[in-house]
A.B. asks: 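My structure is below; once you've seen it, I'll send some questions.
Since the model is a prediction, treat every value here as computed from it, not as a measurement.
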Amino acid sequence: MSTMKKGTALLIATALVFSFGIAGALATQNVTLADIREEAKDGWHQTYEAHGRTITVDLDILVPLADTVPVLKLELAPQPDDAALAAYDTVELYPLGSSVISVVKGDPGNGNIYKKVSGNITDGPTQWMDAPQIDWSVHAEDNPMTMQEATDLTMGVIEQLYGPQISGQYEVKNVGAGGKIYRWKGYDGNTAHLTTPLDQPGNIGTYYISLRPVFHDIPVIYGGGGWFSDYTRVELPSEQPLGYEAGAFVTTAQDYSVSIHAVREAEQLHADIPLAPFADVKQALETQIANGRVRTLERLEFGYVQYYDPERVDACWLVPCWVAFGEMYDDAKGEPKLYKDPEMEFTQKENGWLVVQAQTGQLQDTFDPSRTRRYVPETFGWN
């Protein structure tokens, strides 16, 4: 702690409960985000042998074009006024706070068809696309609306509810162009064998829009929701944790639903922090490849990860991290699982993620058995 200003150290001590020390990592934490972009510009293209398996990593590294890397505290945005909420057929306010809401107009996702038609029916296949590789010309099945129009409608709803400042902090995470409703019979692997589309008025495909917030040009990659608390073994003070994303089902311009956990910046702990070189991050992940846990790496991105505030359920911290996605297991013995029942049989791989702290280059200890810890990593500024 001797490298930090006294005031900063006191602020950290009172604001956060820490689980990692930083003394061992100080020597290498002297690079900027611009340095990271330069270091990672050629991507990661290597092949490894571990526990009798060949693991090929062939990735472009996703690094935002931000100039600085602040450490931020978020809180819930104010509730939309009654006039804004009156524009929708249904409004749901969740227990955590009035800014965790879902609004519905009309019949998104052809719900009325499901209510009145019996038998084995299901949506047709959905074509999913992650940003930035999105083909905006793709249509949901028989839907004249474009993917871009569905996304613009979603952003417009958020702006109508919260104003341009809140809506302007969201970007597209991924999108899906769905199929219309089909009858099905039996399974082919783990996929229902579709027969014929239902002959019902309004049976068209739905668009699925997922948005994530961006603060200071850095995206929020993960955080929020009970599954994240389970993964990081954090004991939450509430069953309704603060979320961070927005999502929508859009069937037509009159039939859609939009859900959003609207947040805003409340405090800036550091305006910028030094980072561990990308080589340290890569080494942390190579260790997981060598010990047999990681079988594939499909995406590696720099961004914010949300950590729950130890004192406030309606607030969270955004801490810079690297998040790696791919096929992963608890140990080298882990294998895909075979599922069988009378109608289907398929093998399921275990897809997951690893979080590496951007300032230390250390892997987050997601397997800590403690259920009572608060996990907010310690950070420090350039001073």
A.B. asks: Evaluate the side-chain proximity of Leu211 to Glu171: yes if any heavy-atom separation is below 4.5 Å, no if none is.
C.D. replies: no
A.B. asks: Using side-chain contact (heavy atoms from CB on, under 4.5 Å) as the criterion, list what pairs up with Ala84, not counting sequence neighbours.
C.D. replies: Pro80, Asp81, Gln160, Leu161
A.B. asks: Take Gln357 and Val319 through the side chain to side chain contact (heavy atoms under 4.5 Å, CB included) test and state the conclusion after the steps.
C.D. replies: CA-CA 8 Å; Gln357 303 303 334; Val319 179; 4.0 Å; yes
A.B. asks: Test of understanding: clusters of I, L, V, M, F, W, Y form through side-chain heavy atoms closer than 4.5 Å, transitively. Do Ile221 and Val214 belong to the same one?
C.D. replies: no
A.B. asks: Listed by chain and number, what are the side-chain contact (heavy atoms from CB on, under 4.5 Å) partners of Ser210, not counting sequence neighbours?
C.D. replies: Lys173, Asn174, Glu245
A.B. asks: Any donor-acceptor pair under 3.5 Å linking the side chain of Thr195 with the backbone of Arg183?
C.D. replies: yes
A.B. asks: Do we see a donor-acceptor contact under 3.5 Å between the side chains of Asp123 and Tyr114?
C.D. replies: yes
A.B. asks: Output all residues satisfying side-chain contact (heavy atoms from CB on, under 4.5 Å) with Glu39, sequence neighbours left out; order by chain, then residue number.
C.D. replies: Ile36, Pro277, Phe278, Ala279
A.B. asks: Keeping the roles fixed (side chain from Thr296, backbone from Glu298), state whether a donor-acceptor pair exists under 3.5 Å.
C.D. replies: no
A.B. asks: Within the 4.5 Å heavy-atom criterion, are Glu286 and Val57 side-chain neighbours or not?
C.D. replies: no
A.B. asks: Could you go through residues 61-71 and list every donor-acceptor pair under 3.5 Å that involves a side-chain atom there, pairing it with any protein atom two or more places apart or in another chain?
C.D. replies:
none

A.B. asks: Going by heavy atoms in the side chains, are Glu75 and Arg264 under 4.5 Å from each other?
C.D. replies: yes
A.B. asks: What's the verdict on side chain to side chain contact (heavy atoms under 4.5 Å, CB included) for Tyr162 and Ile260, showing C-alpha distance, side-chain angles and the deciding distance?
C.D. replies: CA-CA 10 Å; Tyr162 290 101; Ile260 178 172; 3.8 Å; yes
A.B. asks: Any sub-3.5 Å donor-acceptor pair from Lys105's side-chain atoms to Ala87's backbone N or O?
C.D. replies: yes
A.B. asks: Applying salt bridge (Lys or Arg N to Asp or Glu O under 4.0 Å) as the test, list every pair that has at least one member in residues 131-157; sequence neighbours left out.
C.D. replies: Asp142-Lys180
A.B. asks: How about Phe215 and Tyr304: are their ring centroids closer than 6.0 Å?
C.D. replies: no
A.B. asks: Taking the six-membered ring for Trp, are Tyr307 and Trp317 ring centroids under 6.0 Å apart?
C.D. replies: no
A.B. asks: Let's go through His216 and Gln268 carefully: what are the C-alpha distance in whole Å and the side-chain angles of both, what is the deciding distance for side chain to side chain contact (heavy atoms under 4.5 Å, CB included) to 0.1 Å, and is it a yes or a no?
C.D. replies: CA-CA 11 Å; His216 298 264; Gln268 190 174 107; 3.7 Å; yes
A.B. asks: Check whether Asn203 reaches the backbone of Leu198 with its side chain - one donor and one acceptor, N or O, closer than 3.5 Å.
C.D. replies: yes
A.B. asks: Quick check: do Arg293 and Leu354 have side-chain heavy atoms less than 4.5 Å from each other?
C.D. replies: yes
A.B. asks: Would you say the side chain of Asn143 lies within less than 4.5 Å of the side chain of Tyr207, judging by non-hydrogen atoms?
C.D. replies: yes
A.B. asks: Do the side-chain N and O atoms of Asn291 and Gln288 include a donor-acceptor pair separated by under 3.5 angstrom?
C.D. replies: yes
A.B. asks: Main chain of Val104, side chain of Thr90: is a donor-acceptor contact present, judged purely on distance under 3.5 Å?
C.D. replies: no
A.B. asks: Taking the side chain from Asp272 and the backbone from Trp382, do they hold a donor-acceptor pair closer than 3.5 Å?
C.D. replies: no
A.B. asks: Using the side-chain contact (heavy atoms from CB on, under 4.5 Å) criterion, which residues pair with Pro336? Sequence neighbours excluded.
C.D. replies: Glu327, Tyr329, Thr347, Lys349
A.B. asks: Measuring only between side-chain heavy atoms, which start at C-beta, is Trp136 closer than 4.5 Å to Val172?
C.D. replies: yes
A.B. asks: Please answer whether the main-chain N or O of Asn112 pairs with a side-chain N or O of Asp107 as donor and acceptor at a distance below 3.5 Å.
C.D. replies: yes
A.B. asks: Return yes if a side-chain donor-acceptor contact under 3.5 Å exists between Glu49 and Thr54, otherwise no.
C.D. replies: yes
